[in-house]
Amino acid sequence: MTVKPYVRAVPRYTWFLAHSRYLRYITREVTCVFIGAYAFLMLVGLKRLAEGREAWEAFVQALASPASLVFHVAVLAFALYHTTSWFNVTPKAMPIQLGDGFVPGRVIVGAHYAIWIVLSLAVLILAGVF
Amino acid sequence: MAKSDKALVWGLFAAGGTVTAFVTPVLVVLTLLPALGVLPDVLTYDSLRAFADATLGRLAIVAIVVLSLWHAAHRLRITLHDFGVRADYAVAVVVYVAAAVGSLAAGWYALAL
Amino acid sequence: MSQRLVELEVLRFNPETDAEPTFQRYAVECPEEWVVLDALNHIKETVDPTLSYRWSCHMAVCGSCGMMINGEPKLSCKSFLRDYEGVIRVEPLAHFPIQRDLVTVIDDFVTKLKRVKPYLVAGEARPVEAGEYRQTPAQLKTYKQYTLCINCMLCYAACPEYGLEPKFIGPAAISLAHRYNLDSRDAGREARQQEIAATEGVWECSFVGACSEVCPEHVDPAGALQQVKIKSTLDWFREHLMPWRRT
Amino acid sequence: MNSSPNRRTPTGSGVNYRNAEVERILETLHADVAILGAGGAGLRAAIALAQESPALRIALVSKVYPMRSHTCAAEGGAAGVIKGDDSLEHHFNDTVGGGDWLCDQDAVDYLVREAPRELIQLEHWGCPWSREPDGSVAVRPFGGMKKQRTWFAADKSGFHILHTLFQTSLQFPSIERYDEYYATDLIVDDGRCRGFTAIEMRSGQMKCFLARAVIIASGGAGRMFPFTTNGAIKTGDGMALAYRAGVPLKDMEFVQYHPTGLPNTGTLLTEACRGEGGVLLNRHGRRFLQDYGMGPETPLGKAVLKTMELGPRDRVSQAFWHDQRKGNMVGTQWGDCMLLDMRHLGEKKIDERLPLVRDMAISYLGVDPVTDPVPVRPVVHYMMGGIDTDIRAATPLPGLFAAGECACVSINGANRLGSNSLTELLVFGRRAALSALEFLDSSPAAGNAGVLAARAGEAQARLRELFGRSGETETVAGLRRELTTTMEEHAGIYRSGEGLAEACATLADLRRRYRSVTLHDKTNVYNTDLLQALELGCMLDCAEAVTASALARRESRGAHQRLDFTERDDANFLRHSLACYRGDEAPAIDYRDVVITRSPPGVRDYSGEQK
Ligand SMILES: Cc1cc2nc3c(=O)[nH]c(=O)nc-3n(C[C@H](O)[C@H](O)[C@H](O)COP(=O)(O)OP(=O)(O)OC[C@H]3O[C@@H](n4cnc5c(N)ncnc54)[C@H](O)[C@@H]3O)c2cc1C
Ligand code: SF4
Ligand code: F3S
Ligand code: FES
C-alpha cells in the first residue's frame with residue numbers, strides 16, 4: 001500500500017513575508033543593489049577622473065543635484081544596514097579561540113565597530129571635511 | 001560529488017562585503033556633501049589626482065571599486081533567486097560578466113590616469 | 001496550581017482519509033507550568049486518541065518533538081504554555097512532507113547526514129591498547145559546540161533556502177561534518193569536503209541565520225556553515241592558484 | 001566472499017533463507033542477525049557485528065530513530081577504571097557491594113575488565129569526553145564508587161555516547177536500519193528464536209524479520225510508573241516479547257529510584273550534581289543523610305566518595321522516605337521534596353560541569369541552582385531486572401540474546417550503581433554480538449517454513465483482532481492510568497506483602513480487561529493509538545512480573561525494601577528470582593543461585609568513618 005505524505009509547497013515569490021526574520025534577511029540582501037549602484041557611481045567617477053579636470057568637475061557638479069541627494073541618502077541607509085548586519089555576524093564566521101575559551105562575540109563585534117568608526121573619522125579628517 | 005567553484009565568487013563576495021562594510025558609508029558621506037553645498041577638499045581634482053597618483057592610493061581605489069562590484073554581483077544573484085527567479089545560470093552569467101567588465105574598466109581607467 | 005483553559009489549533013492530516021490538512025481546535029484545562037507537549041498528551045489521553053505526534057524524552061534531548069508553534073520551529077517539550085496567549089497554533093515542522101498529523105517524513109535529513117560522513121576518520125589505525133588520544137580541553141572546546149546537535153531539524157524548518165532548494169544538505173548535517181573536521185583526532189576532512197563543498201553543500205546557504213536563531217541547543221549551525229565557506233574558499237585558492245601547495 | 005581481515009566468515013550470507021511460505025503471509029526481510037532496539041546496546045552490537053564479520057547482513061530495527069533512543073537522556077557518565085589510583089578490584093567490590101551481593105560476580109568481573117577497553121574504543125570513535133588539562137580523559141566521582149572512575153562528557157554523557165555510536169554505525173553498509181518499526185512478537189520454532197514480526201509505522205503494515213539470531217536491546221520499562229525519568233518509549237516491549245516467548249524475567253522486583261528528580265516533571269538531575277559537590281538538605285537545612293547511616297557530615301562542597309551524598313541510590317532514596325515520615329521534608333505543590341543545594345559550587349563550575357542541569361532546573365521548575373536550592377524527590381529511574389541472560393548475553397532460548405537495560409546479566413544485582421549502566425550497554429552489547437556470531441557458526445539450520453509461517457500468521461491475526469474490536473469500553477489511557485497508580489502505590493520505595501498482593505490482584509484484573517481494550521484509531525499510517533495499546537500490553541506483563549517477584553521476595557535487599565521483612569535474608573534469598581510467563585495466569589516464580597566467586601555477602605557500609 002502506498003499512502004502519500006502531504007507536501008506543502010513554499011510560496012516561491014512571497015516566502016519572505018512569512019516571518020520578520022526573513023524580512024530582515026531580504027532587506028540585507030537588497031543592500032547589494034545599492035552597494036552595486038554606488039560601485040557603478042565610483043566607476044563613473046574614476047572614468048571622469050581619468051578623462052581630465054573638466055570631466056571630473058562636471059561629475060562633481062552632477063553630484064550636487066537633488067537627484068544625487070536622494071540617491072545618496074538611500075545608498076547611505078542601505079550601506080549602514082549592510083555594515084551593521086555584516087559586523088554583527090563576524091563572530092559566527094570567524095570565532096577566535098583563546099586557550100580554553102572563545103573571545104566573547106561582543107568583543108569581536110565591538111572591535112569591528114571601533115575600527116570602523118576610527119577609520120571613518122580618519123577618512124573624513126584626511127578628506128578635509130573637518 | 002565535486003567541490004564547487006562557487007568558492008571563487010564567494011571569496012570575492014566576502015572580501016567585498018568586508019571592504020564595503022568598512023568604507024562605503026564614509027565614501028557615501030563624502031560624495032553626498034556636494035549635494036549639501038559642501039565640497040570636501042578630497043573631491044577637488046588636484047587632491048584626488050594627487051591621491052590617485054600615489055601607487056597605494058590608486059590600488060586602493062581600484063580594489064574598492066572591484067570588490068564592491070563583485071560583492072554586489074554575487075549577492076544580487078542570490079537575491080534574485082530568493083525573489084523567485086530560477087534561471088540561476090543565466091543570472092550568474094549576467095551578473096558576473098557585468099562585474100568582470102566593470103573590474104576591467106576600473107583597471108583600464110586606473111592605468112589611464 | 002493555577003489552571004488555565006488552553007486552546008490549541010492543531011494541523012490534522014491522515015493520508016488515508018484526507019486530501020489535504022485541516023486545522024482542528026481543542027480546548028483543555030492545563031496547569032500554567034505545562035509545556036505544549038503536555039497539553040498534546042492531555043488531549044490524546046482525554047479527548048482525541050487519534051492525534052499523532054512524536055515525542056519521548058520530555059527533556060529536550062531526544063530531538064523528536066519538533067513542531068511549528070505559532071509559526072516558529074520549536075521543541076514542544078520546551079515550549080511553555082505561560083509564554084503563549086490566545087489560541088496556540090501547532091503544525092508539523094515546515095519544509096518536511098507530512099506523514100500524518102504532526103509527524104513528518106525525515107528521510108531526507110537522515111540520508112544527508114550519512115552522506116557527510118559524520119564519524120571520526122582516523123589518520124592511522126590506533127589500537128585500543130594504545131589508550132586514549134590526548135586532547136586538551138582547548139582542543140575539545142574548538143568543536144564541542146557542534147557536537148550538541150540533537151538532530152531535531154528545527155533548523156531545516158527555519159531555513160528558507162532548504163525550503164526553496166530541497167537538495168541543500170542543510171545546516172545540521174554540515175555542522176556535524178564541521179564538528180569532525182575540527183576534531184584534533186580526525187583526518188577525514190578531505191573526504192567530507194567532496195560533499196559539503198559541493199554546490200548542494202554549503203554553497204546553497206545564503207547565511208539567513210534563521211537556523212541558529214531557532215536551534216534549541218545553541219549549536220550555531222549558521223556559524224559552522226560560514227566557517228566551512230571560508231575554509232573551502234581558502235582551499236579553492238590554494239588548489240587553483242597555488243597548485244604547488246596543494247595537499 | 002571473505003572480506004574480513006580478522007575473522008573467518010562461514011557465517012556470511014551465502015546461506016539462503018528465503019522463505020516462500022512466510023512471504024505469502026507477510027512481507028519478509030531476511031538477515032543473519034536482527035537486532036531489536038537501536039539504543040546504546042543495540043548500536044554497539046550492530047557495530048561489533050559489522051566489524052567482526054563484514055559479510056553479515058544485520059537488520060537494526062527500532063521503534064524510534066536511533067538517536068531518539070533513551071540512552072540520549074543519560075547525563076552523568078560511564079564507569080571504567082582508567083586512573084592510576086584505581087583498580088579493577090575496586091570497581092568490582094563497589095559494584096558487588098552496591099548491588100547488595102545479588103550480582104553475579106563472574107559477570108561483574110567481565111564488566112569491569114572490559115569497561116576501559118570499551119570506553120577507550122568510544123573515545124577512538126570520537127566521543128567528546130571531558131578532559132584533564134594534560135589531554136587525558138577526566139573522571140568524576142559517582143555514588144557508591146570508592147574511586148573517581150566515571151567518564152563523562154559534561155552532563156550529556158549518554159547523549160554523546162548514543163550519537164557517537166549512531167554516527168559511527170553510519171559507515172558500515174552491512175547495517176541495514178529499519179527505523180520506526182515496532183516489534184510485536186518473537187518467532188520461535190523448534191526451540192529456537194528465528195526472528196520477529198514488526199509493524200512498519202509509516203504504512204501500518206506488519207513485516208516479518210527472519211534471522212538466524214536475534215539480539216534484544218530494547219531498553220527499560222520505567223513507564224510502568226507515573227513518575228519516572230524514563231522517556232515515553234521505555235515500555236518494556238522487548239522484555240515482554242521475550243517473556244511471552246518463554247524466557248524468564250530475572251530480578252524484576254528491583255526497581256531503582258533515583259533520589260533527585262524534578263518534582264513536577266520527573267526530569268532527572270544527574271547524580272553528578274552531588275558528585276561535583278551538591279548536598280541534600282531537609283526542611284531544617286540539615287544534611288539529613290547523616291541520620292540514616294551515611295554520616296558523619298562531610299565538608300561542604302567537597303564530595304567524599306561512598307558516603308553522605310555519594311551513598312548509593314537505594315540508600316539515599318530510602319533516607320528520603322524515612323525523613324519524610326518524620327515530617328522533615330519541604331512541602332511543595334507537587335508533594336514533599338528535599339533540597340538539592342549546589343549554590344556553593346558557584347556559577348562557573350555549574351556552567352562548565354552541569355550546564356544541562358542548570359538549564360532544566362530553570363526552565364522546567366523556575367529555580368536557578370546558582371542562586372537557590374532545587375526541590376527534588378526520588379523518581380523511578382532504572383530496572384535492575386530484565387530478560388534472563390548468562391554472562392555471554394545469551395538467553396535460555398537458543399538464538400536469542402539480550403543486552404542493555406532490557407537484559408539482566410546480573411551486574412547490577414539489587415541496586416545499580418550510577419554510571420554502570422552505560423558501561424554495561426557497551427560491554428554486553430558487544431558481547432551479545434560476539435555470542436550471536438558464535439551461534440551462527442555453530443548452527444546454520446534454517447527453520448521449518450510451515451511453522452514459521454504459522455507463527456507470523458498468528459502475530460498478524462492478533463493484530464487484526466485488536467483492530468477489529470469494537471464496542472468495548474476499555475481505553476488505553478484508562479488502563480494505563482490504573483496500572484501506573486497501582487505501581488506507585490504498592491511497588492514503590494517501600495513495599496508490603498499486603499500491598500503487593502493487592503497489586504498482583506489488580507494487575508491480573510487489568511490484564512483481563514486489557515483483552516477488551518478498544519482502539520479509537522483504525523487507520524494504518526503512524527497509528528500511535530495502536531502502538532500505545534501494544535505498549536500497554538507489554539507494560540502490564542512486565543508489571544505483573546515486578547509485583548509477583550516482589551511479593552515472593554520476603555526480605556529487604558537493595559532497592560527492594562519490605563516493611564514486613566526488613567532484613568536481608570541470605571539464607572533464603574541470596575538468589576535471583578525468575579518470573580516465568582504462564583499466559584493468563586500469574587507468573588510462576590523460580591529462583592537461581594547467585595554466582596559468587598570471591599566476595600562473600602558482607603555489610604554495605606556507607607558511613608565515612610571506616611576510611
Ligand atoms: C534520565 C536518565 C539518566 C541516566 N543516566 C545514566 C548515567 O549517567 N549513567 C549510566 O550508566 N546510566 C544512566 N542511565 C541509564 C541508562 O541510560 C539506560 O539504562 C540505558 O541508556 C539503556 O540503554 P539501552 O540501549 O538498553 O536502551 P534504550 O537506549 O532505551 O534503547 C531502546 C531501543 O529499543 C527500541 N525499542 C524498544 N521497544 C521496541 C519495539 N517494540 N520495537 C522496536 N524497537 C523497540 C527503541 O526504539 C530504542 O531504540 C540513565 C537513564 C535515564 C532515564
Ligand atoms: S543544529 Fe540545532 S536546530 Fe539543527 S538539528 Fe541540530 S540541534 Fe536541531
Ligand atoms: S538558515 Fe539557512 S541559509 Fe544558511 S545560515 Fe542557516 S542554513
Ligand atoms: S520529547 Fe525529546 S526533545 Fe522533546
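Note: hydrogens, waters and symmetry copies are ignored here, and every other heavy atom, side chains too, is used. Quick note on labels: first sequence line is chain A, next is B, and so on, each numbered from 1.
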field: Distance, nearest 0.5 Å, that separates NE2 of A:His72 from CG of B:Leu30
entry: 9.0 Å

- request: Output the option from B:Gly84, B:Ala21, B:Ala72 having the highest count of non-hydrogen pairs under 4.5 Å with chain A.
  value: B:Ala21

message: Given heavy-atom pairs under 4.5 angstrom as the criterion, report whether the side chain, backbone, both or neither of B:Ile61 touches chain A.
response: side chain

task: Would you indicate whether the side-chain heavy atoms of A:Thr31 and B:Arg75 approach each other to under 4.5 Å?
output: yes

- prompt: Could you state the interatomic distance from CZ (A:Arg53) to CG (B:Leu48), rounded to the nearest 0.5 Å?
  reply: 11.5 Å

Chain B contact via A:Ile26 - which portion, at a heavy-atom distance below 4.5 Å: side chain

query: Do you know the tightest heavy-atom contact between B:Pro25 and A:Leu76?
result: O-CD1, 3.6 Å

- request: Please flag which part of B:Leu76 lies under 4.5 Å from any non-hydrogen atom of chain A: side chain, backbone, both or neither.
  value: both

message: Let's test your reading of the structure: which of A:Gly45, A:Gly52, A:Gly36 forms the most heavy-atom pairs below 4.5 Å with chain B?
response: A:Gly52

Pairs of heavy atoms under 4.5 Å with chain B: top-ranked of A:Arg28, A:Lys47, A:Gln61, A:Met42: A:Lys47

- request: Any chance you could measure B:Leu27, atom CG, to A:Leu41, atom CG, to the nearest 0.5 Å?
  value: 10.5 Å

task: Give, as side chain, backbone, both or neither, the part of A:Ser120 having an atom under 4.5 angstrom from any heavy atom of chain B.
output: both

- request: Counting only heavy atoms closer than 4.5 Å, note whether B:Ser47 contacts chain A via side chain, backbone, both or neither.
  value: neither

Residues of residues 10-18 of chain A within contact distance of chain B, non-hydrogen under 4.5 Å: A:Arg12, A:Tyr13, A:Trp15, A:Phe16

- request: Would you mind checking which part of B:Leu39 comes under 4.5 Å of any heavy atom in chain A, side chain (CB onward), backbone (N, CA, C, O), both or neither?
  value: side chain

query: Can you pull out the residues in residues 87-108 of chain A with any heavy atom less than 4.5 Å from chain B?
result: A:Phe87

field: Residue, of B:Val42, B:Thr24, B:Leu111, B:Thr31, that accumulates the most heavy atom pairs under 4.5 Å with chain A
entry: B:Thr31

query: A:Ala67, A:Ala39, A:Ala37, A:Ala64: which one forms the most heavy-atom pairs within less than 4.5 Å of chain B?
result: A:Ala64

- request: Could you tell me the separation between the CG atom of A:Leu126 and the CG atom of B:Asp41, rounded to the nearest 0.5 Å?
  value: 10.5 Å

query: What pair of heavy atoms forms the shortest contact from B:Thr44 to A:Trp56, and how long is it?
result: C-NE1, 3.9 Å

- request: Any chance you could lay out the side chain to side chain donor-acceptor pair (under 3.5 Å) test for A:Tyr38 and B:Thr20, step after step, and finish with the verdict?
  value: CA-CA 10 Å; A:Tyr38 191 71; B:Thr20 51; over 6 Å; no

field: Residue pair B:Tyr45, A:Leu49: steps toward the side-chain contact (heavy atoms from CB on, under 4.5 Å) verdict
entry: CA-CA 8 Å; B:Tyr45 182 74; A:Leu49 190 66; 3.9 Å; yes

message: Between B:Leu69 and chain A, with a heavy-atom cut-off of 4.5 Å, which part of the residue counts as in contact: side chain, backbone, both or neither?
response: both

query: Roughly how far, to the nearest 0.5 Å, is the CG atom of B:Leu67 from the CD1 atom of A:Ile35?
result: 12.0 Å

query: What residues form a salt bridge (charged side-chain N to carboxylate O under 4.0 Å, His left out) with B:Arg58, not counting sequence neighbours?
result: B:Asp53

- prompt: Do B:Val26 and A:Leu124 come within less than 4.5 Å of each other through their side chains, counting heavy atoms only?
  reply: yes

task: Under 4.5 Å heavy-atom distance to chain B, tell me which part of A:Val33 shows up: side chain, backbone, both or neither.
output: side chain

task: Check each atom of A:Arg48 against the heavy atoms of chain B and say whether the ones under 4.5 Å are side chain, backbone, both or neither.
output: neither

field: B:His71 and A:His82 aromatic ring geometry - parallel, tilted or perpendicular at 30°/60° bounds
entry: tilted

query: For chain A, which residues from residues 8-17 of chain B have at least one heavy atom closer than 4.5 Å to it?
result: B:Phe13, B:Ala14, B:Gly17

From A:Ile115 atom CD1 to B:Phe22 atom CZ, the distance as rounded to the nearest 0.5 Å: 5.5 Å

message: Using heavy-atom distances under 4.5 Å, tell me whether A:Trp86 contacts chain B through its side chain, its backbone, both, or neither.
response: side chain

task: May I ask you to name which of A:Val123, A:Leu80, A:Leu63 has the most heavy-atom pairs under 4.5 Å with chain B?
output: A:Leu63

query: Who wins among B:Val85, B:Val65, B:Val29, B:Val62 for the most heavy-atom pairs under 4.5 Å with chain A?
result: B:Val65

message: Walk me through whether B:Tyr109 and A:Leu43 qualify under side-chain contact (heavy atoms from CB on, under 4.5 Å).
response: CA-CA 9 Å; B:Tyr109 299 140; A:Leu43 191 61; 4.3 Å; yes

message: Tell me whether B:Leu56 at atom CG has more than 12 heavy atoms from other residues, nucleotides or ligands lying less than 6.0 Å away.
response: no

message: Heavy-atom pairs under 4.5 Å with chain B - which of A:Cys32, A:Ser68, A:Gly128, A:Ala50 has more of them than the others?
response: A:Cys32

message: I'd like to verify something: which residue of A:Phe59, A:Phe34, A:Tyr25 has the highest number of heavy-atom pairs under 4.5 Å with chain B?
response: A:Tyr25

